[in-house]
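In the text below, chain A, chain B and the rest are named by the order of the sequence lines, each starting its count at 1.
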4 protein chains.
Amino acid sequence: MRIAMIGLGRMGGNIAKRLMAHGHEVVVYDRSADAVAQLGEAGGITAGSLQEVVEKLEAPRTLWVMLPAGGPTEQTITELAGMIGAGDTIIDGGNSFYKDDIRRAKTLGEKGVHYVDVGTSGGVWGLERGYCMMIGGPKEAVDRLDPIFDALAPGYGTIPRTKRPEGSDGRAEKGYIHAGPAGAGHFVKMVHNGIEYGLMQAYAEGFDILQNKTSDRVAEDERYDLNLTDVAEVWRRGSVISSWLLDLTASALAENAKLDEYSGKVADSGEGQWTIEAAMEEAVPAHVLTAALFARYRSRSGNTFGEKLLSAMRHGFGGHVEMPQ
Amino acid sequence: MRIAMIGLGRMGGNIAKRLMAHGHEVVVYDRSADAVAQLGEAGGITAGSLQEVVEKLEAPRTLWVMLPAGGPTEQTITELAGMIGAGDTIIDGGNSFYKDDIRRAKTLGEKGVHYVDVGTSGGVWGLERGYCMMIGGPKEAVDRLDPIFDALAPGYGTIPRTKRPEGSDGRAEKGYIHAGPAGAGHFVKMVHNGIEYGLMQAYAEGFDILQNKTSDRVAEDERYDLNLTDVAEVWRRGSVISSWLLDLTASALAENAKLDEYSGKVADSGEGQWTIEAAMEEAVPAHVLTAALFARYRSRSGNTFGEKLLSAMRHGFGGHVEMPQ
Amino acid sequence: MRIAMIGLGRMGGNIAKRLMAHGHEVVVYDRSADAVAQLGEAGGITAGSLQEVVEKLEAPRTLWVMLPAGGPTEQTITELAGMIGAGDTIIDGGNSFYKDDIRRAKTLGEKGVHYVDVGTSGGVWGLERGYCMMIGGPKEAVDRLDPIFDALAPGYGTIPRTKRPEGSDGRAEKGYIHAGPAGAGHFVKMVHNGIEYGLMQAYAEGFDILQNKTSDRVAEDERYDLNLTDVAEVWRRGSVISSWLLDLTASALAENAKLDEYSGKVADSGEGQWTIEAAMEEAVPAHVLTAALFARYRSRSGNTFGEKLLSAMRHGFGGHVEMPQ
Amino acid sequence: MRIAMIGLGRMGGNIAKRLMAHGHEVVVYDRSADAVAQLGEAGGITAGSLQEVVEKLEAPRTLWVMLPAGGPTEQTITELAGMIGAGDTIIDGGNSFYKDDIRRAKTLGEKGVHYVDVGTSGGVWGLERGYCMMIGGPKEAVDRLDPIFDALAPGYGTIPRTKRPEGSDGRAEKGYIHAGPAGAGHFVKMVHNGIEYGLMQAYAEGFDILQNKTSDRVAEDERYDLNLTDVAEVWRRGSVISSWLLDLTASALAENAKLDEYSGKVADSGEGQWTIEAAMEEAVPAHVLTAALFARYRSRSGNTFGEKLLSAMRHGFGGHVEMPQ
């Protein structure tokens, strides 16, 4: 089928390519004419404006918006809403906050436009491996777009099949689900990222403990100088903690076991924070996911005011002096 | 080669079987005559006492002790030490604390006996999948026993190969490593389990947040009744958080999405605690691994004295009344 | 001066009484006629409606709203806004979210009405001890109302004076501050409560560790059966951790060292959660304040779905069975 | 009564002085002759060796050892043990690990020597304010030494009395308790310090959140530039979170609200770590106390290996580049 891809960055561009590789027609648009031209060469139907995008589609239209969450996504959807009509569908494939989805779906729904939110995981590997997709929105639209999602998903691959109950939704095994109404796709993706932070931090702490087993705080005959590259590799094989993140860890350590090309100042996108907000709304304790987020905050700062206050208190009651030099 | 397996529980029995399946001769012993007889039928050379075990081996002897950590392992090793001599090797394949390994290796080393500690991961799946092994001990003994480890390890399997540096130790890719001197094997395995706790807790918190999205604390139009079985399944395919633990989660949810056959009272073996102790010895912050351990503690108790004290304080300053009924 | 108190619950009633005891005239109103009558007997000028409240004040009017945060406060302020005019002041003395203050101050400001937010700490003890107040709003209004705040504040009392810099604001030492523009009062109070959760949890964990030193997990000759009542009492005298919360702890334990009249299911008001949200907005790690909040969540639930999932995973990889009975 | 003080550092010297001020005779000894001479001028009976110390006492002798925990304390006690006999008492007033107390008490007990462990809180303020003491050891010895403890303790002071049950031990209100057998004193003191870390971190995080409310991550009309000196001061008066640590905070901020004379690299003594070990032995969750300890670890390091690993993983799955510059 024909679909428009608006936003041709790393994610949008690759998704367009994978769709074309599966026989779909993709109208491509980006603020950057270069990006449009590149996708045009790759087989895309180029458009020079949102208006032209809309004109190159036939009702019911499908427009996949793949832009940074917040302002860019919001503005584009608002503009598009004025150009399309009942039965058309806007897909937000970015990292929007699910409450924004709920709001937008209401507004667009009033004029008959379907709103579908798609949380995608797979990063730069998606073009090749396929994208894991968590989808929210009205059944009618999600069902109509099934060929799109089917093309983007990884499919069964070589992954061992789970013994699933009779009548299970077959899409999950191909790599996409219709999670629920508007926002449900981004909500599930958000929690996915929250978990991702927790998993990453678990590995990080573990490798830190291995790495520091040479510390002179440790009794001399209990120090080990471990080969972390080999440790990561061996855990990939038959151990309980094998995972894709561990595969990436093994690769990174194989390249440079010191990791000294990295600063260790770790960014976080919104999803980690939103996951904690969701946990608090539900009164669910989320010690691990929160600690993982906070570790990233701390990684980006020098010594904090709070830490200085600890020193100040210690000085106050014990005469301890912890000075800069 | 010929080796003795002392302790024929789920782990020891399966290891013996896998060794025999790979052409090794295994002298089998257990306090339970039934267990010995069963392994005998499976091809093992039966022994009725430790003394008989020793007699059925030729120098240099290899004795794999696969017993519960602590008392049983300690006593057996002590007994064996009196029966064997220079050049023989005792393997502790259980979950011993690595500082016990260091101590034992010193004692045994004085009479020329090699001590090798093997941390194994793979659980009940090891017989079929192979065991991931982290090995500590003297190079001489570990090298001599290579055919044993090679037989037990999973091998390359279908796991994608990591691009590894020239001259890397090939054993890691087959599923076992010589981590370092005495204790290093159990130390790496210990941290592995610490990480395992953290990973598990990250998934647990994430699924809790998904599950409670129907809570009446949540605004009515923001509730989702998610199909967690499908969520777990879809994350196995192309997502950043795919892992073996997620595979198990998908299977468990596919069997019973409510998980109501489980109490939720979660045990911990010693490794989680020892990992935190190691972190503290090294002054490494381990927020996530610790929180994962503490969540298990809390899962096993009712309301704590500390929680009652919170209520008492609240009553004290605010007149809040939080009574049993 | 004359002021209206709207909302005569435990907090509003006591504040009205303390104001009257310091010579101020208080117009009292509550939806409950009984509450109004009681304050009338105590010297208040009774009013039967918001309209009557407004009529019994002279411009510039001062109306202290002391109602539950959210709906009740919002509605009352909206209603009052229609009855009063430029130069009048509405005080919100409840536990409003500071972002609501910012919004209200803008709306009210457009018609010249001053909005002052007052975070108060002191609980049921405030009538006697005085209230610690953190105030946000326009300088003009806060200065005009100084006699009110001065009457409510604890004053210097017997608390040792801090050596303060020249030109310090004298109000802080009397127990109130003008923290900043609209919302700043509630923001500071909110963080105060966040800290309060952390302090309480620190004591709770410590006493838990003392209490469980009789546990049969502890080596027999290392068990202590400690008198926690005496421990709390002794820490009040010369120790680094003496505090008002410890005073309350000592009293509670002196009354019943088992605390078994408390369920240990601990409520949280919004401030703890908002404090974490503020921390995340600022990217400030707040491990302790968050853990304290999460401990309260967990105290109110039975075994969670996440905990069951841990058991399910353990069953999956290790054959561990953790069943209800 | 007459007592020996061995170790005349800040703590030992002040304790000796306070004892003399209350009419006790103190034999003073330190490796530093200067320290001995100084205490001699202050009224102490000087001794040039441990042997001389013992000779200047009469049976039953009382020797207070006030040295760094670990080696120095251990050696001194061992030496003294050879010089004294049945009925004599050694007091360890330092920060020993309570399991060392248990061991020592057994050894000394075999020759009839009493061993008393005294955990003291009060820091540099103790000379003036008195010391809060938690005492472990045999009743006979603790009772005999009551005049010593009574002299050192703060006494009732101006602290409001708790309503205590009939027959309560009066010593708690004077500032010392007999907590239990050997080690109980240091155990209670250890948990005291664990709580102290938690309390300090709660304040630190709260003030960090206040301080960063000017961050440009915060929406422009929601930023507050708060006067933290005033905030700390006002919380001392009538608020729920008033405490001695808050008094110290207010003083430190009054001196320099930026705290920029402090590095924020915060040391920890052993007690925090031991408290977590005790929690784990008892299976008590201690999220807050642990997080407080870990925050100190992190304050002392630059970016960790684990943080670099996070960056490496992010690079692996998302092509994120987090480079040093």
Minimum heavy-atom separation for [X] to [Y], with atom names?
{"X": "B/W125", "Y": "C/G316", "answer": "NE1-O, 2.8 Å"}
{"X": "C/V266", "Y": "B/E307", "answer": "CG2-O, 3.5 Å"}
{"X": "B/R314", "Y": "C/A267", "answer": "NH2-CB, 3.5 Å"}

Using heavy-atom distances under 4.5 Å, tell me whether [X] contacts chain B through its side chain, its backbone, both, or neither.
{"X": "C/I209", "result": "neither"}
{"X": "C/Q211", "result": "side chain"}
{"X": "C/S251", "result": "neither"}
{"X": "C/Q201", "result": "both"}
{"X": "C/Y203", "result": "both"}

Starting at [atom1] of [X], measure out to [atom2] of [Y] and round the result to the nearest 0.5 Å.
{"X": "C/T304", "Y": "B/L259", "atom1": "OG1", "atom2": "CG", "result": "10.5 Å"}
{"X": "C/L210", "Y": "B/F305", "atom1": "CG", "atom2": "CZ", "result": "9.0 Å"}
{"X": "C/M313", "Y": "B/L246", "atom1": "CE", "atom2": "CG", "result": "8.5 Å"}
{"X": "B/L309", "Y": "C/T249", "atom1": "CG", "atom2": "OG1", "result": "4.5 Å"}
{"X": "C/L253", "Y": "B/K308", "atom1": "CG", "atom2": "NZ", "result": "12.5 Å"}

query: Are the side chain of C/R298 and the backbone N or O of B/A295 linked by a donor-acceptor pair below 3.5 Å?
result: no

message: So C/F317 and B/L245, do their side chains get closer than 4.5 Å, heavy atoms only?
response: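 Yes - at least one pair of side-chain heavy atoms lies under 4.5 Å apart.
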
- prompt: When you look at CH2 of C/W244, are more than 12 heavy atoms from neighbouring residues, nucleotides or ligands closer to it than 6.0 Å?
  reply: yes

- prompt: Does atom CH2 of C/W274 have more than 12 heavy-atom neighbours from other groups under 6.0 Å away?
  reply: yes

Under 4.5 Å from any heavy atom of chain C, what part of [X] do you find: side chain, backbone, both or neither?
{"X": "B/R129", "result": "neither"}
{"X": "B/A204", "result": "both"}
{"X": "B/L248", "result": "side chain"}

query: So which of B/S121, B/A291, B/S299, B/G122 has the biggest tally of heavy-atom pairs under 4.5 Å with chain C?
result: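 The residue among B/S121, B/A291, B/S299, B/G122 with the greatest pair count is B/S299.
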
